[in-house]
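A note on names: the letters A, B, ... follow the listed sequences, proteins ahead of strands, and every chain is numbered from 1. What's counted below: heavy atoms across the whole structure, side chains too, no hydrogens, waters or symmetry copies. Just so you know, these numbers come straight off a predicted model, no measurement behind them.
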Number of protein chains: 2
Amino acid sequence: MNPKFYDLPQERKQAILNAGFHVFSRNTYKKSPMSEIAEAAGISKSLLFHYFHNKKELYLFLWDTCAKITVEEMTRSGAYEQNDLFGSMDYGMQAKLRLMKKYPDIGLFAVRAFYEKDPEISADIQKSMGKYLDAHAAKKLGKLNPDDFIPGIDLYMMYREMYWASEGCLWEYIQRGALDTDAMEKDFRRLLDFWKSVYLRNNREK
Amino acid sequence: MNPKFYDLPQERKQAILNAGFHVFSRNTYKKSPMSEIAEAAGISKSLLFHYFHNKKELYLFLWDTCAKITVEEMTRSGAYEQNDLFGSMDYGMQAKLRLMKKYPDIGLFAVRAFYEKDPEISADIQKSMGKYLDAHAAKKLGKLNPDDFIPGIDLYMMYREMYWASEGCLWEYIQRGALDTDAMEKDFRRLLDFWKSVYLRNNREK
DNA sequence: AATAGCGTTGACCGATACGGTTAACGGAGG
DNA sequence: CCTCCGTTAACCGTATCGGTCAACGCTATT
């Protein structure tokens, strides 16, 4: 990969990344043409090949960048330091929102890359998968104090439920196309309030 | 579309449908080759063109069949007649499971078809969309008796939460590849129990 | 045994799309 | 005027696309 890519103005770099995320997230690796990516990025195919020597290199670069950016944004959000479960969920979601605003197709791309099985790349993807798997979830679950929640609740199920719901909420907006991040945040807030009102013990006694 | 398709043995019909669902669900309409579908179905491309005169016809047929099959299975499941929310959720999920067992890619296909924007077909899809939109959800929500649930609960949010969670649960299994329906059903039962224990009022007082 | 009908296929068609290369353009700096 | 360099149009050989067509092989009837 040509280091000159890094010298590009932020705007153009982002356009290229987003073009890549977009095309690769809508088709198999093999059926995602470089020409289409170049066109989506607003540059010529030749220039794209100037920065990335071949398709595989671009794809793997996108994958790495995707992981890097996500981890960065999540760390910066402070979600991992937060002790309160709902607070950490809140920060995490905000981080995801910021990410989706900058890279609208990064989520879809990550999912497809995760399950891509083209022999030309699947091995490389699997190798660097570790960065993505969220080890925080298990830790977080273990640290929860059952006394904070309604008696007898299945905490593991609660966590899965929350994860699925927030993911589902996100997807609903992603699929719709142009994403309205303000509406999304409002929606997510309502989810958070719902959780608190249902799962927390002190809220019950009011 | 050639009516002789209906005379085919069930097994072969299903193989063709599944091949179509599979290929179209993994790529854009334009990038989903008929040859690949034929190969996945275990027949020659020529024979596929014998039953469906062109790609568009096949795609639209798949879309209609997808809607028809789903409505059929859901109706037969008795989910719509069930008054109890959780019972109806239970029956609905069972129906989906049976469906996914027979047509593993029908869910993915439906989602992609829903958001497909190729001008050659998007209009036709949008036109027949009504069959899919679930009008039952709103009705169901209106009929719920708030006294059955914990005081002050946001019933709309509860419904969305349940929908997302069950959808998320399904996806987790779909993506994994070969789907273990027994494990899925067990998992879903646990979800149901969790919901009952958290949302229902009488459960709280024990 | 010859024939007719039918499900099925391999081979083929023209058009296009693919990944990747190359030579050249055009503007800025000396 | 020359040189550098970001950028591109044009090009290459190959592969793939949707769709067609003639023929194969099997069965049933004559």
Side-chain angles (χ1 to χ4, degrees), chain A residues 1-17 19-63 113 116 118-122 124, chain B residues 1-17 19-63 113 116 118-122 124:
Chain A
M1 175 261 186
N2 191 333
K4 282 174 190 169
F5 176 75
Y6 291 119
D7 301 336
L8 253 40
Q10 170 70 12
E11 199 179 292
R12 195 166 232 199
K13 261 188 291 188
Q14 200 168 310
I16 294 178
L17 291 177
F21 289 146
H22 183 88
V23 175
F24 280 125
S25 69
R26 270 151 188 84
N27 289 100
T28 313
Y29 168 76
K30 215 183 77 180
K31 304 245 173 87
S32 297
M34 291 291 269
S35 53
E36 206 169 300
I37 296 172
E39 194 192 337
I43 62 174
S44 70
K45 192 177 61 161
S46 328
L47 190 53
L48 188 56
F49 271 105
H50 179 64
Y51 292 126
F52 304 94
H53 305 92
N54 54 50
K55 192 157 106 166
K56 185 177 171 182
E57 190 181 284
L58 169 60
Y59 188 86
L60 261 20
F61 177 81
L62 284 173
W63 170 254
E116 174 69 60
D118 192 301
E120 197 178 338
I121 46 164
S122 70
D124 302 76
Chain B
M1 176 264 185
N2 191 331
K4 283 175 189 168
F5 176 75
Y6 291 120
D7 301 336
L8 253 40
Q10 169 70 11
E11 199 178 292
R12 194 167 234 197
K13 261 189 290 187
Q14 200 169 310
I16 295 177
L17 291 177
F21 289 146
H22 183 87
V23 174
F24 280 126
S25 69
R26 269 148 188 86
N27 289 101
T28 314
Y29 168 76
K30 215 182 79 182
K31 303 242 173 89
S32 296
M34 291 292 268
S35 53
E36 207 169 301
I37 296 173
E39 195 192 336
I43 61 174
S44 69
K45 192 178 61 161
S46 328
L47 190 52
L48 188 57
F49 271 106
H50 179 62
Y51 292 125
F52 304 94
H53 305 93
N54 53 51
K55 191 158 108 167
K56 184 177 171 181
E57 190 181 283
L58 169 59
Y59 188 86
L60 260 22
F61 177 81
L62 285 173
W63 170 254
E116 175 68 61
D118 193 299
E120 197 178 338
I121 45 163
S122 71
D124 301 78

Inset, instruction - Strictly below 4.0 Å, heavy-atom distances to any atom of DNA chain C: list the hits from residues 10-17 of chain B, or just say none. - result: B:Arg12
Legend entry - B:Glu11 CD: over 12 foreign heavy atoms closer than 6.0 Å: no
Inset, instruction - Please list, chain by chain and in numerical order, all residues satisfying side-chain hydrogen bond (donor to acceptor under 3.5 Å, both in side chains) with B:Lys31, sequence neighbours excluded. - result: A:Glu36
Inset, instruction - Whole angstrom is fine here: how far is it from NZ in A:Lys31 over to C1' in C:dG19? - result: 16 Å
Inset, instruction - For DNA chain D, find the residues of residues 45-54 of chain B with a heavy-atom distance under 4.0 Å and give them by number; none if there aren't any. - result: B:Lys45, B:Ser46, B:Phe49, B:Asn54
Legend entry - Distance, nearest 0.5 Å, that separates NZ of A:Lys45 from CD1 of A:Ile43: 12.0 Å
Inset, instruction - Give me the first and last nucleotide of DNA chain D, going 5' to 3', that has any atom under 4.0 Å from a heavy atom of chain B. - result: D:dC17 to D:dC21
Legend entry - Inter-residue atom distance A:Leu58.CG - A:Ile37.CD1, 0.5 Å rounding: 5.0 Å
Inset, instruction - Figure out the CZ/P separation between A:Phe24 and C:dG19, and round it to whole Å. - result: 8 Å
Under 3.5 Å, sequence neighbours excluded: what are the donor-acceptor pairs made by side chains of residues 46-57 of chain B?
residue: B:His53; atom: ND1; partner: B:Met1; partner atom: N; Å: 3.3
residue: B:His53; atom: ND1; partner: B:Glu57; partner atom: OE1; Å: 3.1
residue: B:His53; atom: ND1; partner: B:Glu57; partner atom: OE2; Å: 3.1
residue: B:Asn54; atom: OD1; partner: B:Lys56; partner atom: N; Å: 3.3
residue: B:Asn54; atom: OD1; partner: B:Glu57; partner atom: N; Å: 2.9
residue: B:Lys55; atom: NZ; partner: B:Tyr29; partner atom: O; Å: 3.0
residue: B:Lys55; atom: NZ; partner: B:Lys30; partner atom: O; Å: 3.2
residue: B:Lys55; atom: NZ; partner: B:Ser32; partner atom: O; Å: 3.0
residue: B:Lys56; atom: NZ; partner: B:Glu120; partner atom: O; Å: 3.4
residue: B:Glu57; atom: OE1; partner: B:Met1; partner atom: N; Å: 3.0
residue: B:Glu57; atom: OE2; partner: B:Met1; partner atom: N; Å: 2.6
residue: B:Glu57; atom: OE2; partner: B:His53; partner atom: N; Å: 3.2

Legend entry - Side-chain heavy-atom pair A:Glu116, A:Ser122 within 4.5 angstrom cut-off: no
Inset, instruction - Would you jot down, in residue-number order, the residues of residues 32-40 of chain A having a non-hydrogen atom under 4.0 Å from DNA chain C? - result: A:Ser32, A:Pro33, A:Met34, A:Ser35
Inset, instruction - Kindly say if A:Lys55 contacts the phosphate of C:dG20, meaning a side-chain N or O under 4.0 Å from OP1 or OP2. - result: no
Inset, instruction - Hey, which sits more toward the 5' end of DNA chain C by its nearest nucleotide, B:Lys30 or B:Leu8? - result: B:Leu8
Legend entry - Heavy-atom closest contact (A:Ala40 atom, A:Ala19 atom, distance): CB-CB, 3.7 Å
Legend entry - CD-CG distance between A:Gln14 and A:Leu17, expressed to the nearest 0.5 angstrom: 7.5 Å
Legend entry - Spacing of A:Phe24 atom CZ and A:Trp63 atom CH2 [to the nearest 0.5 Å]: 13.5 Å
Inset, instruction - Quick one: pull up CD1 in B:Ile121 and CG in B:Asp118 and give me the separation to the nearest 0.5 Å. - result: 5.0 Å
Legend entry - Heavy-atom pair of closest approach, residues B:Ile16 and B:Ala41: CA-CB, 3.9 Å
